[in-house]
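Reckoned from all heavy atoms, side chains included, excluding hydrogens, waters and symmetry mates.
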Amino acid sequence: MASLSRSNARIAAELGVHVDTVRTWRGRFADGGLPALADRKRGGRPARFNPLQIAEAKALACQLPAETRVPLARWSCPELAAELTARGVTDTVSASTVRRWLRQDALKPWQHQSWIFIRDPDFRAKAQRVLGLYARTYEGEPLGADEYVISSDEKTSIQARCRCHPTLAPGRARAMRVNHAYGRGGALAYLAAYDVHRGESLRPLRGHHRHHAVHGPGRTGHDHRALRQCQTRLLDRRQRLLSPGKEGH
């Protein structure tokens, strides 16, 4: 860039560096040519570990301990430091040094997260069917203006339990105190439905027997009697299409 007679300010803007940096490197090149651009000797203690050792430590942290025949569930920094020394990657390395290396790439092998892997081979087809309903299509055909897509759920046995004594807040040298005994307030039934396209919540039906209905917030502009009289097509949890006569089951 300097050979094109560009100014220091323009070079700094294009390379994303400070103009003083450009001025320094151009001055060094003018004084000694290409050899003057090599790194000069630096003060202080030389680095004990080279980039290859650091890369091997990070690669080991990204492997499961079982893959390396180490009887551990998860790596910790002390265990990684000991394993690096046992493998001859480094002579001796502290756990704090390993932690500093891993922090550069936000690696935390001692933490884990619960995960659910897809086990159903037909998951993609089932998901496309549901996502199509959210996009107002069913079996490749668009839904009409008088057709609804409603997502519903029920919790038929929510146990209402009340503590026999109010909880005491924590104090000096004292943890929060929660009374062990509680009284049973019966069972609650939560029934709710949501119109996914109109953004409206349908009021839950009232419970029966000893159950009490929990009414969620929201309003509704639907005629429930008209909805019950429509030719309703329901998908159950197994993606089976139920006939209009079985919507109550």
Side-chain angles (χ1 to χ4, degrees), residues 57-58 60-66 70-83 93-120 123 127 130-131 134 148-222 224 227 234-238 248-249:
K58 294 179 179 180
L60 180 62
C62 293
Q63 299 180 20
L64 295 176
V70 177
L72 295 173
R74 294 185 295 273
W75 287 114
S76 65
C77 290
E79 295 291 349
L80 284 171
E83 185 66 17
V93 60
S94 63
S96 59
T97 300
V98 175
R99 185 177 294 105
R100 186 175 65 253
W101 293 344
L102 300 183
R103 192 184 300 117
Q104 296 173 356
D105 292 330
L107 297 176
K108 298 179 180 180
W110 51 86
Q111 294 184 356
H112 74 281
Q113 180 182 7
S114 298
W115 191 258
I116 299 178
F117 291 94
I118 298 175
R119 295 177 293 179
D120 189 351
F123 174 80
V130 175
L131 294 177
Y134 275 79
Y148 301 90
V149 178
I150 297 174
S151 177
S152 63
D153 195 9
E154 61 177 339
K155 303 295 182 183
T156 57
S157 182
I158 303 176
Q159 299 296 324
R161 300 176 181 179
C162 303
R163 297 289 177 181
C164 298
H165 192 280
T167 300
L168 298 180
R172 184 177 182 181
R174 187 192 69 191
M176 181 175 62
R177 294 182 179 180
V178 180
N179 189 27
H180 175 72
Y182 57 84
R184 295 182 179 272
L188 303 178
Y190 179 81
L191 308 175
Y194 182 74
D195 190 327
V196 298
H197 295 123
R198 293 169 176 81
E200 297 177 351
S201 175
L202 283 76
R203 294 188 181 277
L205 302 176
R206 291 191 176 275
H208 301 284
H209 306 296
R210 295 189 303 271
H211 295 257
H212 305 280
V214 180
H215 291 267
R219 58 182 179 84
T220 175
H222 302 87
H224 296 280
L227 288 176
L234 298 179
L235 286 177
D236 64 1
R237 295 183 179 181
R238 295 184 180 180
H249 299 283

Problem - His180 and Val178, any side-chain heavy atoms less than 4.5 Å apart - result: no

Practice task
Could you list the residues that satisfy side chain to side chain donor-acceptor pair (under 3.5 Å) with Glu79, not counting sequence neighbours?
Solution key: none

Completion exercise
To the nearest 0.5 Å, atom OH of Tyr182 lies from atom SG of Cys164 at 10.0 Å

Exercise for the section: Mind listing the closest non-hydrogen atom pair of Val93 and Ala81 along with its distance? Expected result: O-CB, 3.5 Å

Practice task
Report the distance from atom CD of Glu83 to atom CG of Leu72, rounding to the nearest 0.5 Å.
Solution key: 8.5 Å

Handout entry: Counterpart residues, side-chain contact (heavy atoms from CB on, under 4.5 Å), relative to Val196 (two or more places apart)
Key = Tyr134, Val149, Ser151, Tyr194

Handout entry: Close side-chain approach of Trp75 and Val70, heavy atoms under 4.5 Å
Key = yes

Problem - Any donor-acceptor N/O pair, Arg161 side chain to Gly183 backbone, under 3.5 Å - result: no

Would you mind writing out the side-chain donor-acceptor pairs for residues 103-118 within the sub-3.5 Å range, not counting sequence neighbours?
residue : atom : partner : partner atom : Å
Gln104  : OE1  : Lys58   : NZ           : 3.1
Asp105  : OD2  : Lys58   : NZ           : 3.0
His112  : ND1  : Arg74   : NH1          : 3.4

Problem - Side chains of Asn179 and Thr167 in contact at under 4.5 Å (non-hydrogen atoms) - result: no

Practice task
Applying side-chain contact (heavy atoms from CB on, under 4.5 Å), name anything that partners Ala95, two or more places apart in sequence or on another chain.
Solution key: Cys77, Pro78

Handout entry: Tyr148 backbone acceptor or donor facing Arg198 side chain under 3.5 Å
Key = no

Problem - With sequence neighbours excluded, residues passing side-chain contact (heavy atoms from CB on, under 4.5 Å) with Arg119 - result: none

Handout entry: Contacts of Leu168 that satisfy side-chain contact (heavy atoms from CB on, under 4.5 Å) - sequence neighbours left out
Key = His165, Arg177

